[in-house]
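See structure below.
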Amino acid sequence: MSYNFREIEAKWQRYWAHKNTFKAINGSEKEKYYVLDMFPYPSGAGLHVGHPLGYIASDIYARYKRHKGFNVLHPMGYDSFGLPAEQYAIQTGQHPSITTEANIARYREQLDKLGFSYDWQREVRTSDPNYYKWTQWVFIQLFNSWYNKSKDKAEKIEQLIEIFKKEGNTNINASCDEDTPLFTAAEWNELNSKKQEELLLKYRLTYLADTEVNWCPALGTVLANDEIVNGVSERGGHPVERKKMTQWSMRITAYAQRLLDDLQKVDWPQSLKDAQANWIGRSVGASVTFNTIPSDNNNISHPIEVFTTRPDTIFGVSFMTLAPEHELVLKITTKEQREEVDNYVQITSKRSERDRLADVKTITGVFTGAFVEHPFTKESIPIWIGDYVLAGYGTGAVMSVPSGDQRDYDFAKHFNIHIPNIFEGIDISEEAFADKELTIIANSEFLNGLNYKQATKKVISELENIGQGRGKVNYRLRDAVFSRQRYWGEPFPVYYVDGMPKMIDEDCLPLKLPEVEKYLPTDTGEPPLGNATEWAWDMQKSKVVNNSLIDHVKIFPLELNTMPGWAGSSQYFNRYMDPENDKAIFSQDAINYWKEVDLYIGGVEHATGHLLYSRFWQKFMFDKELVPHEEYAKKLINQGMILGTSAFVYREEGTNKLISKGLINDINVSPLHADVSLVNSSDELDIEAFKEWRPEFKDAEFVLENGKYIVGREVEKMSKSKYNVVNPDEICEEYGADSLRMYEMFLGPLEQAKPWNTAGISGVYAFLKKLWRLYHSGPDGDFQITEKPPSKEALKSLHKTIKKVEEDIVNFSFNTSVATFMICVNELSAQKCTSRDILEPLAILISPYAPHISEELWEKLRHIESVSTEPFPKFEADHLIENSKAYPISFNGKMRFTIELPLDMGKEEIESAVMSHEKTKAQLQGRIPKKVIVVPGKIVNIVG
RNA sequence: GCUCGAGUGGUGGAAUUGGUAGACACGUUGGACUUAAAAUCCAAUGGCCAUUAUGGCCGUGCGGGUUCAAGUCCCGCCUCGAGUACCA
């Protein structure tokens with residue numbers, strides 16, 4: 001009987017599904033362990049061999065933990081709201097839910113073939129109303145909360161209202177909008193409820209605000225930065241302008257410091273932590289207020305606040321620069337400069353942010369005609385506008401110190417502005433001097449002679465004395481825009497009364513996505529939900545009704561935007577703990593049992609998206625005392641991408657001639673992707689099949705070398721459009737899931753990007769066949785083992801394998817453990833080992849990697865069912881130490897001494913030389929070394 | 001520009017964290033079995049030299065250094081990749 005993987009794999013996959021083998025039990029007596037994969041977006045293209053890499057790794061770990069006696073939670077679901085399904089709907093009119101459903105079915109089929117040990121009863125889908133009910137619920141909780149900076153936690157909005165009633169907002173230390181005015185209790189109580197709502201919105205953790213976006217009037221939609229090319233829309237080439245729009249935002253900045261600090265608490269890759277820290281971008285400095293000098297045509301003094309990391313250079317300020325969008329620009333510009341300024345603001349507003357960034361070398365700006373007064377010298381300082389200052393960072397205004405900042409320096413040179421030198425012994429005639437460490441301040445009154453640290457401290461206290469500044473920490477992180485003008489996303493549980501947002505009652509959730517005729521924006525430029533006729537809120541009946549009934553008395557309009565992609569993925573890991581609960585997002589029993597994710601595996605591309613937003617939501621949930629841990633993922637691993645090896649044919653320019661790679665030389669050719677399935681492992685193209693595939697080359701001339709057409713190769717991201725996709729189904733069909741699983745692991749380190757090469761799989765496939773034969777030594781390949789005690793060699797092979805494989809699993813070095821298995825099976829085959837004492841543990845040992853074959857062998861070994869519940873075999877150290885030469889773990893030495901010996905000594909001579917060596921003798925303190933290892937030459941290692 | 005990561009055979013990659021570099025696998029070559037293919041098994045496979053065997057020299061991107069001993073540690077470069085970018 002040979003290794004029939006097709007039969008075996010189908011049999012055990014059915015068995016697992018039927019018996020619910022991998023069901024995780026809430027509140028089990030066993031210790032819990034939670035292994036999580038980042039759930040996929042079910043795209044129409046299906047899975048390619050790159051997708052399951054992380055799933056295989058997590059599955060190995062989950063299975064290993066089960067063998068170790070843990071109650072393992074290993075769930076899977078779908079992040080099923082998203083753009084592709086919506087775009088498909090726009091093109092075809094097919095409802096996104098239908099497309100999504102079909103894609104999920106396909107994904108599930110592919111996943112099932114790989115033998116994953118998921119508890120499918122816990123599946124979640126973000127687009128399922130029973131799931132997004134809770135996404136909406138969290139949104140309501142955020143809306144009803146504010147951030148108390150003094151306590152460093154989110155609190156109920158009612159508490160804030162109480163404080164407003166009693167003492168106004170003057171003493172409150174909260175995260176809120178920059179423009180929040182101060183008011184007293186009396187003033188608050190005077191306000192009508194709409195005004196009060198407006199003020200509260202400035203404190204809520206999710207809030208409506210005017211946000212600057214890229215607006216394309218022709219398409220009636222907001223575009224992301226990468227949807228804009230050269231200032232016009234990528235699709236259609238329509239002009240794009242920067243526009244303020246009212247959007248929902250998440251006050252993630254309230255959590256900036258905690259998000260930064262708590263990175264220390266988690267075992268995540270350093271590079272990912274760096275990326276998040278970078279993104280949060282904490283910088284320490286000071287906020288300084290400059291007051292404008294009233295002039296003939298502008299008789300009011302306006303304060304301009306700036307943020308600087310170099311307050312010590314304040315005496316080097318020779319001009320101010322405002323972002324063109326700064327709100328004071330219009331107020332302070334003088335008559336004489338008005339036209340020039342207006343022109344400049346107009347031109348820059350038409351440039352997209354991306355254009356501005358791409359074009360950093362051109363220095364542009366205009367003088368406003370206005371001046372500010374220097375807080376210490378009282379000198380007049382001109383105010384300029386320049387687009388190198390970004391409206392979105394700090395206050396959108398900078399104090400320009402040309403001697404200490406290269407951008408300010410370049411601007412000053414370009415516009416011939418004075419460059420005062422404030423550094424002791426530094427030449428600034430060529431460039432600015434920005435080295436904090438070497439700074440000694442000069443020409444700066446009370447700061448003269450101080451270094452950076454001293455001067456910074458001193459100037460901040462002086463600024464505080466005169467009330468024109470204070471120390472400040474600034475973050476690059478911005479509040480996250482949470483509105484999307486899309487159909488296929490979570491509806492906001494929001495309706496509007498008198499223009500102010502109200503949350504619908506929690507009991508009425510989920511607020512289901514309405515049906516629409518068209519998935520495009522409406523004629524009036526409203527989001528797609530504006531097309532829905534059943535989309536108004538009857539406040540009394542608490543239900544959705546027809547739009548035509550809106551009377552603004554009982555029936556109100558509902559929010560037309562939907563939530564962004566990251567909404568649904570920000571809490572899904574907790575929902576898996578109790579996925580069917582319809583009374584709460586999860587029960588306290590469930591969360592207190594599973595607590596947090598022990599191991600999370602997924603791609604690094606989510607570093608500053610999902611992985612930051614979900615940490616923010618978790619912290620909020622922690623503040624609400626809904627979850628026991630402030631960080632939800634203890635350990636995280638980023639699996640590397642599996643890359644495709646694309647194939648290229650080369651067409652000579654202007655002809656229909658395809659030239660084999662070796663003959664190109666100086667010919668001007670353009671490379672074209674060829675489908676990798678049309679190329680054999682020697683890079684030879686199947687010309688007939690290629691003609692079939694690309695009819696436009698039916699009559700092309702093929703210029704061959706040695707009678708063959710040789711393609712070019714390049715490693716690229718695996719993608720349908722590059723025709724380099726390898727489908728896991730085909731691999732499973734030809735080699736089996738166990739081969740695929742082992743091969744994906746064997747390919748290289750988990751975290752590393754690596755190219756796929758189907759040819760190499762024959763190695764692991766041959767290994768599995770060899771493994772099978774080990775248990776089938778009977779005459780016709782029948783199952784046959786012996787009950788004889790095993791040989792020393794066989795025991796040694798087994799035990800070193802146990803040790804190495806367990807070490808590898810714990811360290812996630814799955815690639816080397818596959819090699820270890822191969823060595824083990826080669827050795828046992830050579831030894832003709834048939835002993836049950838060896839073969840039983842081996843079957844368990846390999847089961848996390850190759851679960852199907854392992855189950856099949858186990859059934860034959862024990863005549864009982866599943867190997868999955870068997871304990872992982874134990875490593876017995878004695879067998880290794882007996883012969884450490886073959887497996888020199890003793891190198892890992894308790895003691896290692898080094899002495900010099902002549903080259904030509906025999907073994908005994910060396911030993912006696914070692915034992916009489918003074919230094920060694922002293923260190924051995926009379927103990928006899930177990931082993932002396934001689935390295936050719938003169939070096940000796942002694943293992944004690 | 002800044003941050004992080006990586007450079008080892010024809011290829012993917014090992015190397016017990018300072019201890020005989022190239023495990024394991026692909027590929028290649030030769031052989032066995034076979035009418036043949038597939039499958040399987042055996043042998044060789046970093047380079048150069050020597051060959052009658054035992055052998056010798058060089059070798060982990062480059063140049064230095066520390067050490068009895070360096071792919072591994074230190075200093076200075078080069079190249080590639082990823083992320084980020086006028087962040088005041």
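Within every chain, numbering begins at 1; the chains are lettered A, B, ... in the order of the sequence lines, protein sequences first and strands thereafter. Computed from heavy atoms alone, side chains included, the values below leave out hydrogens, waters and symmetry copies.
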Spacing of the [atom1] atoms in [M] and [N] (rounded, Å):
N	M	atom1	result
B:rU28	B:rU34	C1'	23 Å
B:rG13	B:rG19	C1'	22 Å
B:rU20	B:rU72	C1'	16 Å
B:rA85	B:rC80	P	23 Å
B:rG7	B:rG12	C1'	15 Å
B:rC68	B:rG18	C1'	12 Å
B:rC33	B:rU52	C1'	34 Å
B:rG9	B:rA21	C1'	11 Å

Residue among A:Leu328, A:Leu322, A:Ile383 satisfying side chain to side chain contact (heavy atoms under 4.5 Å, CB included) with A:Thr368 = A:Ile383
Nearest to the [X] side chain among [options], which nucleotide is it?
X	options	answer
A:Ser271	B:rC87, B:rC4, B:rA14	B:rC4
A:Met822	B:rU40, B:rA25, B:rA23	B:rA25
A:Arg773	B:rC41, B:rA23, B:rG12	B:rC41
A:Asn815	B:rG12, B:rG13, B:rA88	B:rG13
A:Asp387	B:rA23, B:rC86, B:rC26	B:rC86
A:Lys770	B:rA85, B:rC24, B:rC41	B:rC41
A:Thr309	B:rG12, B:rA88, B:rC26	B:rA88
A:Trp279	B:rU84, B:rA14, B:rC87	B:rU84
A:Thr816	B:rA14, B:rA88, B:rU84	B:rA14
A:Lys769	B:rU40, B:rC87, B:rA23	B:rU40

[N] phosphate, OP1 or OP2: any side-chain N/O from [X] under 4.0 angstrom?
X	N	value
A:Lys754	B:rU11	no
A:Gln752	B:rG13	yes
A:Asn826	B:rA25	yes
A:Arg407	B:rC87	yes
A:Tyr393	B:rA88	yes
A:Asn757	B:rU11	no

Below 4.0 angstrom, N of the basic side chain to O of the carboxylate: do A:Glu827 and A:Lys800 qualify?
-> yes
Output yes when A:Glu733 and A:Arg6 qualify as a salt bridge under the 4.0 Å nitrogen-oxygen rule, no when they do not.
-> yes
[atom1] of [X] versus [atom2] of [N]: gap in Å, rounded?
X	N	atom1	atom2	answer
A:Phe814	B:rG12	CZ	C1'	19 Å
A:Leu768	B:rA25	CG	P	13 Å
A:Glu807	B:rU16	CD	P	11 Å
A:Leu750	B:rG13	CG	P	13 Å
A:Glu714	B:rU11	CD	P	17 Å
A:Phe821	B:rA23	CZ	P	20 Å
A:Ile280	B:rG83	CD1	C1'	15 Å
A:Ile385	B:rC86	CD1	P	20 Å

Under 3.5 Å for both distances, Watson-Crick or G-U wobble, that's the pair rule; now give the dot-bracket for RNA chain B, with | marking pairs to another strand and [ ] for crossing ones.
-> (((((((..(((......[....)))((((((.......))))))((((.....))))..(((((..]....))))))))))))....
5'-most by nearest nucleotide on RNA chain B - A:Gly748 or A:Val818 = A:Gly748
Contact nearer the 5' end of RNA chain B, comparing A:Asp405 with A:Tyr743 | A:Tyr743
Would you call [X] and [Y] a side-chain contact if the rule is heavy atoms closer than 4.5 Å?
X	Y	value
A:Tyr452	A:Arg310	yes
A:Leu463	A:Val288	yes
A:Thr289	A:Ile304	no

Taking atom types as modelled and ignoring hydrogens, do the side chains of A:Thr801 and A:Thr820 form a donor-acceptor contact shorter than 3.5 angstrom?
-> no
In this structure, is the centre-to-centre distance between the rings of [Y] and [X] below 6.0 Å?
X	Y	result
A:Tyr735	A:Phe5	no
A:Phe315	A:His374	yes
A:Trp756	A:Tyr743	yes

Please work out if A:Ser400 contacts a base, only the sugar-phosphate, or nothing of the nucleic acid, heavy-atom cut-off 4.0 Å.
-> nothing
For A:Asn278, report the nucleic acid contact type (base, sugar-phosphate, nothing); a contact means any heavy atom under 4.0 Å.
-> nothing
B:rU8: syn or anti, per glycosidic angle within 90° of 0 = anti
Expected label for B:rG9 (glycosidic angle, syn inside 90° of 0, else anti) would be syn
Step by step, would you call A:Phe411 with A:Phe319 a ring pair (Phe, Tyr, Trp, His ring centres under 6.0 Å)?
-> CA-CA 10 Å; A:Phe411 195 88; A:Phe319 60 104; 5.4 Å; yes
